[in-house]
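To keep things clear, I will list the structure first and then write my remarks on it.
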Amino acid sequence: MKIGLINGSPKLRSSASRCILQYLQPLLEQDGHVAAAFALHNPELAPEDAQGIRECDVLIFALPLYVDGLPSHMVSCLLHLEKSLARSGKAPTVYAIVNCGFYEGHQAKWALNMMENWCRRTGLRWGYGIGLGAGGVLLSVQSVPLGAGPTRNLAQALRQLASSVSQGVGGENVFTTMNFPKLLYKLAAEIGWCRSARANGLKIRDLSLRRGS
Amino acid sequence: MTCKAVERVEVMRLVIHDLEPGHIDRLFPEQPLNLLVISPDAPIHHCVGCFGCWVKTPGACVIRDRYGDLGELLAKSQDVLIISRCCYGGFSPFVKNVLDRSISYIHPFFVNKNGEMHHRRRYSNHARLTVWFYGNVTEQEANTARGLVEANAVNLWWEAAEVEFYPSPKEMEAGCYEDRAN
């Protein structure tokens, strides 16, 4: 089958969504599938991307959670794709992986529901979604082999997804978290923000700046 | 973006919407000084996930279009009304863009709240969030939308006051905001 791997992060270079798809692609290819990568970084959907997506049998989206939902540029892209796919007469099965900066993967629930609702509107078959918590860890562990250390839960979810794709089955949404202690995740995030602030010439207290007061 | 006396008014009623000008004028025939309306009347760049609003220019978006100070405007609000076309149970691209570009309102650090991880508050105002969705909305989309607004209220440290659905913007005009709010 031809499987469209759709990166829905607005980030042009490295992103957690890209990292997830890089882990997933070999799992699909070892089952004999052909993967086609698409990067939807902007609200405008390029005609060649729309055409390529229309040709896929399965679509797998990976995107970040933004304010409890889909990033705004992805809402625009889904509106374009709704029309584009409806015209094609094809009905690929859709899976989605939403990664959260928060620790709990279940905070991606509403974004996954939106993806399911998009499938219904567009006449596509919804497979299921994965809500991945502690997604902030991904970029720092992307050289770790899938299944090792902090990627154990992710590996389990992605292997199950690859198997579901091959069997053409759907299921209930899966909510999981990177294998990283919650307290350490919170601490690492705070150290990261402080480092970034200092690198930008700010003091740590500037992170708490209140505008207009 | 209509911006009336933002400097002088301490507590605002904020409206974020994606309506055509005619609709918003009929909904708000008289706009008091403390009413701020954020409209899709200027080009808006989408959030690129750079977190510059937390670590470069804390409290303000680094993209300096006309929507770069939304976090500060949220901080001055006590009533927030969102009017949006319902897209798959979420907000329309413009309204979602405004929300995505507003994350400077909260602090990058995490706290635990009801056993979940959320962002710490940057400001101390408590706003009441009302959302009016319009469009042809399925029951499943309406359920998603209600859950989404509840989740937004938790993450913004606000109170989710009301979520309503209208077939089209015209039906909203049957009762103006002043009548509903009082």
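Residue numbers start from 1 in every chain, and the chains themselves are labelled A, B, ... in the order their sequence lines are given, proteins ahead of strands.
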Would you mind checking which part of [X] comes under 4.5 Å of any heavy atom in chain A, side chain (CB onward), backbone (N, CA, C, O), both or neither?
X	value
B:Thr138	both
B:Ala60	both
B:Asn155	side chain
B:His118	both

Take A:Arg120 and A:Asn117 through the side chain to side chain donor-acceptor pair (under 3.5 Å) test and state the conclusion after the steps. CA-CA 5 Å; A:Arg120 288 182 179 223; A:Asn117 295 339; 5.3 Å; no

Determine the sole option in B:Val131, B:Thr130, B:Leu129, B:Leu14 for which the side chain to side chain contact (heavy atoms under 4.5 Å, CB included) test with B:Leu81 is passed. B:Thr130

B:Arg85, B:His17, B:Glu171, B:Glu164 screened by side chain to side chain contact (heavy atoms under 4.5 Å, CB included) with B:Tyr134, the one that passes: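 So, applying the side chain to side chain contact (heavy atoms under 4.5 Å, CB included) to B:Tyr134 and each of B:Arg85, B:His17, B:Glu171, B:Glu164, only B:Arg85 qualifies.
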
Closest heavy-atom pair and its distance - A:Phe38, A:Cys56: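 Shortest heavy-atom contact: CE1-SG, 4.0 Å.
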
Closest heavy-atom contact between A:Val75 and B:Cys87? CG1-CB, 4.0 Å

Proximal component of [X], with respect to chain B [non-hydrogen, under 4.5 Å]:
X	value
A:His41	backbone
A:Arg195	neither
A:Leu70	backbone
A:Glu190	both
A:Leu202	side chain
A:Arg121	side chain
A:Lys109	neither

Pair A:Phe61, A:Trp118 - check ring-ring contact (aromatic ring centres under 6.0 Å, His included), show working. CA-CA 12 Å; A:Phe61 290 82; A:Trp118 173 73; 5.6 Å; yes

Greatest number of heavy atom pairs closer than 4.5 Å to chain B - which of [options]:
options	result
A:Ser208, A:Gly212, A:Ser196, A:Gly133	A:Ser208
A:Leu12, A:Leu209, A:Leu207, A:Asn42	A:Leu207
A:Gly69, A:Pro64, A:Ser9	A:Gly69

Give a yes or no on this: more than 12 heavy atoms of other residues, nucleotides or ligands lie within 6.0 Å of atom CD of B:Gln140.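 Result for CD/B:Gln140: enclosed.
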
Using non-hydrogen atoms and a limit below 4.5 Å, what part of residues 84-101 of chain A faces chain B?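 Heavy-atom contacts from residues 84-101 of chain A to chain B are A:Gly101.
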
Taking B:Ile103, B:Asn112, B:Asp69, B:Val95 one by one, which has the highest count of heavy-atom pairs under 4.5 Å against chain A? B:Asn112

Select, from B:Asn97, B:Thr57, B:Val48, B:Asp100, the one with the greatest count of heavy-atom pairs under 4.5 Å involving chain A.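 Highest number of heavy-atom pairs under 4.5 Å: B:Asp100.
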
Can you tell me how far apart CD (A:Gln160) and OG1 (A:Thr176) are? Round to the nearest 0.5 Å. 10.0 Å

Does [X] come within less than 4.0 Å of [Y], counting only side-chain N to carboxylate O?
X	Y	result
A:Glu104	A:Lys182	yes
B:Arg128	B:Asp79	yes
B:Lys76	B:Glu72	yes

Measure up the B:Trp54 and B:Phe51 rings against each other and bin them: parallel (under 30°), tilted (30 to 60°), perpendicular (over 60°). parallel

Suppose we call two aromatic rings close when their centres sit under 6.0 Å apart. Are B:Tyr67 and B:Phe94 close by that rule?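 Yes, the ring centres sit under 6.0 Å apart.
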
Check whether any side-chain heavy atom of B:Phe133 sits under 4.5 Å from a side-chain heavy atom of B:Val149, and report yes or no. yes

